[in-house]
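Order of the sequence lines sets the chain letters (A, B, ...), proteins ahead of strands, with each chain counted from 1. Keep in mind the model is a prediction, meaning the values are calculated, not measured.
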Amino acid sequence: MILSSVVFLPLLFALIVAVWPKTSSIRHLAFGFSIIEFLLSLRLVQLFDSNTAGLQMVEKHLWIERFGISYFLGIDGISLWLVLLTTFLTPIIILASWTSISERIKGFHVSLFVLQTAMLGTFLAFDAIFFYVFWELSLVPMYFMIGIWGGARRIYATVKFFIYTFAGSVLMLIAIIYMMYLTQEATGAMSANLLDFYKLKIPFVGGAFFSLQTLLFFAFALAFAIKVPVFPLHTWLPDAHVEAPTPGSVILAGVMLKMGTYGFMRWVIPLFPEASEYWAWLFMLIGAVGIIYGALVAMVQPDVKKLVAYSSVSHMGYILLGLFAFNSYGMSGGLYQMLNHGISTGALFIMIGMIYERTHSREIAKYGGLAGVLPLFTIFFFIVTLSSIALPLTNGFIGEFLILLGTYQAQPVFAYFAVTGVIFGAVYMLWMFKRMFFGAKGELVADEHHPLFDLNFREVAVMIPLVLMIFWMGIFPNHFLDYSKASIDNLVNNRTNYNLTIVEPGAAEIMHAQGEK
Amino acid sequence: MNTDFINQIGLNHYLILAALLFTMGMAGVLLRRNVIVLLMSIELMLNSVNLTFVAFSKYLGLLDGHIIVFFVMTIAAAEAAVGLALAVTIFKRFREVNIRFFEHLKG
Amino acid sequence: MNHSLLMALVILSPLIGFLINGFRYKRHSANVAGVIATIAIAISFVSSAILVTDLIAMPEESRRIAVKFFEWLVIDRLKIDAGFVVDQISAVMILIITGVGTLIHMYSIGYMHHDKGAAKYFAYLNLFIFNMLLLVLGDSLLVMFVGWEGVGLCSYLLIGFWFTDSEKAAAGMKAFITNRVGDAAFLLGMFLLFVTYGTLNFSELNALAPTVAESSWLGAVTLGTLFLFIGATGKSAQIPLYVWLPDAMAGPTPVSALIHAATMVTAGVYMIVRLNPLFIMAPNTMMVIAIIGAATVVFAATIGMTQWDIKKILAYSTVSQLGYMFLACGVGAFGAAMFHLMTHAFFKALMFLGSGSVIHAMHEEQDVRKMGGLKKYLPITHITFFLGWLAIIGMPPFAGFFSKDEILAYTFNSPMGSPILWAAGVLGATLTAFYMTRLMALTFWGKSRVSKDVHPHESPALMTIPLITLGVLSVIGGWIGVPHVLGEYLGHIPNVWEHWLHPLIKGIPGWQTLDHATEFALMGTSVGLALISAGIAYHFYVKAPDAPKKIAEKIKPIYNLVYNKYFVDEVYFGAIINPLVNLSRNIWYYIDVNFIDKMTYLAGDLARGMGSVIRSSQTGNVQQYAMYIGIGVVVALSFVIMR
Amino acid sequence: MNTVTLSDILLISPMIALFLTSLIPITVKVLRGNREQHSLATLSQALIGIIISLGLLVIFGGAGKTAFNNGLIFDGVTQWLGAVALGSAAVGMIMMYENPATVGKQFSELIFLAMSSAVGMLILVAAVDLLVVFIGLEMMSLPLYLMIAMSHEGKLSKEAALKYFLLGSFASAILLYGVALIFGSTGGTNILAFMGDAAELVQTSRLFLFGITFVILGFCFKVSIAPFHAWTPDVYQGAPTPHSAFMATAVKAVSFAAFLRIIATQALVGSDHLFDILQWLAVITMIVGNTAAILQNNLKRMIAYSSVAHSGYLLIGVITAGVSQNSIFGASSVIFYLLSYAFMTLGAFAIASMMERSENHIINIDDLAGLAKKRPMLSLCMTVFLLSLAGIPPTVGFFGKFYLFNAAVGEGLLWLAIWGVVSSVIGVYYYLRPIVVMYMKEGEAEIAGHSLNATTITAVVMALAIVLMGFVSGPIFSAVEKSLF
């Protein structure tokens, strides 16, 4: 039951918040709830057996019998940390939005909790349709979040976001349906169970685009690629980020983009191993192009939030590159980078939100000399910047290093290109940092009528966990990688006949169950 | 008087006639402007169908067609009643029976 | 004492110092912060000294203290420990780093006395030492890389320490980004070596190094070492990535002494020496290193001759001296490179600190044209600077003489070297003597050009004690590496240095000892030329101050070219940076905004366009609607009938 | 020949009950000397009638029995879609009770007409004889023409009624002509008679082919398949909102029922061309409906175009049912979709209906601005309806589409499914617009009447149903499927 509780508890919270009579205490209530959820998810780590690549804590009930669709939750080393990331970021987001969201507080927290359920469900569902439901559901609260609490062009941005991502995923639905029929052909009974999908041997013809596996592969890949987003499909992202309110940007960058890369890991690569291998060059290419492209475009952005948004494109390029390297380094690095990006880019957005609350501007040119005025803010921002440019001993380095190493082992030529991202990453971040924090005081900073105040206690409390994670993940990567190692090795080594076994609940749980009887 | 030609009139003749009538009715609906005439054209179409039914009925040696025609005629009458009622209402309201007048709903 | 504990003390005490001062970032007192920081480094130094003593006590063939704290990153074949090694090479380094570091921390207390950001300054400085120790102690390339990037970060922070000055902040950024270019190559080098050898551990790599020299340019060893060398050119300011170092002088002067002269910039040399068994099997790489090194020696020295900023002169001198070290590496004289690294750390740190003392005295004036005759105001500074000067121009028996001469001898004699490289080295030495003498003369000797409102005064003891210590080291530092040829003459003085490093340094294949006569001749040539050159400079800048200007007038184009640093910065900006920024603007504007977005709009417009066509067909005319039905029926029928 | 048996009477008891109760309000009015009774009384009498009828339908229908010499059949289709029609009628009447354009004067007559129309629908939904189909169709349509014309709104409703009438009669004539041709070629009009042979007949008899094409196109008109859809937006816009709701759901449901019965003859299996043309019609309809809806400002018109688009999706299911060896799956998906579609469309129209403050009030999408602040509950309901229409999980709209496309993919009609999902992307664009306006724009949207009236309750129930049905769509679908065997 633990997975169900983890997934659906936020939904219950959303309901409670929705009917809560007192607006003034909603924030406290929501914060408490999110902490409960986080603690509950920590229990997952405790229960998790890192020695097996199998699926754990499985809950499986037939949902729509006619089509073999089931309510199927499970967790393995790939999902685990993404779940934790989601539950970790939520309380932080609530705390970070304490003052910036002042209207329709109730609606905001309801959206947030619904979104949390959707995201957790996406990471934990092991049934195609069940997964798809969560996948699409996640669009709705996000749509409201950007559209209601967003900036000036919020409507444009949110509609663009919604349609882009929705458009990407519809073909996936068709592909899922098709695969359900394939399971029917193979086993006689229709099933949307991912584990049954894994067992399919879908015929693959190398050169032909219009061959079964290739088409299915692209139908899935398109959905995930838009969500990631990879290079030519990324234009919704800067708009969505710029217009979204701070918490929206954090969730979007922190978790929702990961749903795309997670999709590649969970669905695309194991389901279509031959096609993935055959087209790996394409995805590595767009990954590498994305790294450079995102970085270059980020460099010339006048708006700091847009800069970070484009940096996301660049970072997500790394992840794609790592995943399609098909070796332990690349995959682990990709997974790690997902977490890193969630934390560091999330932190960047939070901090941009903090400064925006003070000055109501995100234009880099209007800043300058912040370091002298807001020392504490500067320190935090700098640490996060370092994580973003992948300085060793921060989390970013582990991810980038492993990805590039994996890429080099698989396809050196892409590594040669991608490694320039290491340079460009430093260029755009530090240039931005210099323009905003160093030099003479800019017009907003020097404004005597609006003196800027350094971070208050709440804001420091928001940043501390993030910064701790940045260093913890940078200094002790094995604490995290150990949990995903078995799963990733399984994925790398058994790609062509991938399968997950369902691991029975651990001995401790059985004993517990007996004790109850 | 030679009435043989009547016997030489086959099913096809009736069908073609009916089809012609149907087409004429259709053309009337498409081309005429007066609402009343439009109604009449629709009746014409229905009647051409009746003719088809009867012709088939005769040549298939079945009685069903004839019965159907009664049904159709009843319905056509009801339709005409409704149609005329509408036409009257509209005329009372707008003083207009030109179908081209009614183009407020569009786009 | 337990080695793990000692190692932890060595590495962590600067980190703790950093954390303490970091959390005190708002405090202004330089004394408290400085004392905390200095103690932290001193603890580190003492621990290092104990470690090194232990190391010396070990039998020669097993001299190695390895400590593994935890497994850092373990994935598949990649097994990186947080492991640290003290051996003959790193022992020297940690002593230099913590030793010189302590002195410079001490000096900084005086130097930064009035600065409000002192706590921050000392925090950064401690962090730097921490990272530098990681760099030299790390037992694998990856751990070294951690320190490698970390010192870059500290360098960035310290160069841009006075961040309110946009130019200084820009200099910091330039340093970091230029270094990043090198780091990217370093990464590639690591990948290549890892993919080839399956390990990044130094001892394993060195053990796995091939026994036959690799002749191909694209072989793993050659390519890998080349990439690593590109990384080194970034960190150690060699052509073509040296451009950041002169700008780095924007930082506080003790920083220049510590980071940009004594320690960080030598990291590249250290790395090559660490991996010498690998490098030596890649003769192509060695050739490149030697050529780049020699070119840098001369190139930087010429620029140094024309500069007016006291720190810039020293900076170019540093670039030039680093060139010597690379030259040494390139010809296979790794021991000599390390030797020069050490002596250079002494005398260059000394000179930077001296210049800091001068700048301090002159109230932040750095232009040598506004100095002169400072000898009488700053006696201690002058004396110590004078010792440094003797060392750098290679006067026997000062430290620089031994190390530089060894390099030149190797360059001439090694099968990997050549007389041309030697000539370049000697030319460099000659030029060095010239511009260093020029610096001495303009600053300390001759007539005073100090403006009336400045009253120079000698620095406090906190600053002069490090100067004196380093001065002494600059004199005696070279005596541990007396060349055999001299040692024999002077009564069997052993070459301690060579002996010490021997186990870790691979011999140069095909090496033949030089005969004594030639060696003396070489020595004489370089010393002689340096003396002549120094004499000319003395004449120009003390006796006939107008002469240089006239000569400069006569060779104006060349002079301008050199004076403007060969326009390298401008070329970089014009050829790389500006085009890149423009390109980025254009791809943003044309590809992102105007192509991809427009394409998506196009899809939207297509739908809307179709919608409006359909809307316009919805005229409201019933007969038209009936017509659609009729047409539909007719079309359908005619299609159906075609069977 | 057969005589009328008790079984026949029992089977048609829903229609009889409905017919009889439909007489109550109007009789009362006559007895009261042409004075309206309270409209609530009228409404309750009607609702009671519908409930009785529904109950009878559930009790007696559904076993696949035929009545009146195979003229009517009572199977799963009848039961489910009959229930949809009756339910829609009930909701429509509740809306009529509170809509300014319909309530008040002549309400009894209106209810009588609506219930008569419902009787026609029940006949149509059960009809398996083409003649009965035609009669049901007319019985359903003729009261609707009048209902629309009876609106208190003076101008557009009259125009809408006229248009609907003219085009409807025109299309009926075409359909009837097709019936005549089928009669000529087979000697009968009963669908069951040529159930098995249609595939062969379309190949051997050109007359039959023509006939079946005419009939199919006639139904295409009723269910508003492009290019026969042109009446839909005009009529839905002009008619009083409750009527639009009624038409969009009930008329569509029962017409599709008849369509399914025609298509179940497997005529499509025999004629590739007919098959092709229907596929193209489906594609065209989806595109036309969705693209035209993007540009609408009038809320009702937008929903009307969206209804056209949904007909396109449904046609995919109909085609699937027509070509399939296992046509039940396709048919079930159509029925399930109609069921879910009824909920969301009724809900959306209910919101629009509540927005109308007078009979002449035209509701544009922008008028919804600010609704979320004034009426959060209703905005939430509207959001649910629109998201369900757009097919976003976990609403039932998603599952409806999922089953439809699943059936299509199962029959190898992959390209139709792809067209379906692609055009649903266009759909999302305009379904989002009202949400944007409600939640993200400032405005002074106001709801007429009490905050807690019958329509509101209905809308909330619909919204809840949509969400709940999303979770239990599987059992419902299986029930539908099982009932068709």
Side-chain angles (χ1 to χ4, degrees), chain B residues 11-12 15-49 51-53 56 72 76 79-80 82-91 93-107, chain C residues 173 177 576-643:
Chain B
L11 176 61
N12 284 344
L15 290 186
I16 289 165
L17 176 64
L20 280 175
L21 283 172
F22 191 83
T23 318
M24 282 163 69
M26 222 166 158
V29 174
L30 295 181
L31 300 173
R32 299 304 295 262
R33 293 282 184 262
N34 190 307
V35 172
I36 306 292
V37 179
L38 255 60
L39 271 173
M40 287 158 65
S41 304
I42 288 170
E43 292 302 314
L44 188 59
M45 288 167 78
L46 288 173
N47 281 327
S48 78
V49 177
L51 183 59
T52 318
F53 269 118
F56 275 131
V72 174
E79 217 173 70
V82 169
L84 284 171
L86 270 177
V88 169
T89 321
I90 281 164
F91 185 73
R93 172 75 175 74
F94 299 104
R95 299 273 149 200
E96 185 60 78
V97 285
N98 188 341
I99 192 68
R100 295 302 301 269
F101 175 77
F102 302 100
E103 293 183 8
H104 302 291
L105 292 162
K106 62 178 176 186
Chain C
M173 190 175 95
I177 288 165
I576 300 171
I577 297 165
N578 289 338
L580 207 61
V581 172
N582 284 335
L583 174 77
S584 306
R585 289 225 163 85
N586 285 330
I587 60 174
W588 177 39
Y589 185 75
Y590 288 108
I591 299 184
D592 228 66
V593 179
N594 277 322
F595 182 71
I596 302 177
D597 251 16
K598 288 278 158 69
M599 290 300 277
T600 41
Y601 296 156
L602 204 65
D605 288 348
L606 191 72
R608 284 164 167 279
M610 277 167 67
S612 68
V613 169
I614 290 155
R615 274 193 76 169
S616 63
S617 71
Q618 191 85 9
T619 54
N621 181 349
V622 182
Q623 289 177 316
Q624 206 150 354
Y625 297 173
M627 182 76 87
Y628 300 149
I629 296 174
I631 292 172
V633 169
V634 170
V635 169
L637 280 180
S638 36
F639 190 75
V640 164
I641 205 167
M642 296 186 313
R643 62 183 154 134

Sort Ser616(C) into side chain, backbone, both or neither according to what part of it lies under 4.5 angstrom from a heavy atom of chain B. neither
Select, from Gln623(C), Gln618(C), Arg615(C), the one with the greatest count of heavy-atom pairs under 4.5 Å involving chain B.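 Highest number of pairs under 4.5 Å: Gln623(C).
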Are any of the side-chain heavy atoms of [X] and [Y] separated by less than 4.5 Å?
X         : Y         : value
Ile587(C) : Asp592(C) : no
Asn47(B)  : Leu21(B)  : no
Leu44(B)  : Ser48(B)  : no

Interface moiety of Leu31(B) toward chain C, non-hydrogen atoms closer than 4.5 Å: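 Backbone only.
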Heavy-atom distances under 4.5 Å only: say whether Leu105(B) touches chain C with side chain, backbone, both or neither. backbone
Looking at Ala87(B) and Ile36(B), what are the two nearest heavy atoms and their distance? CB-CD1, 3.9 Å
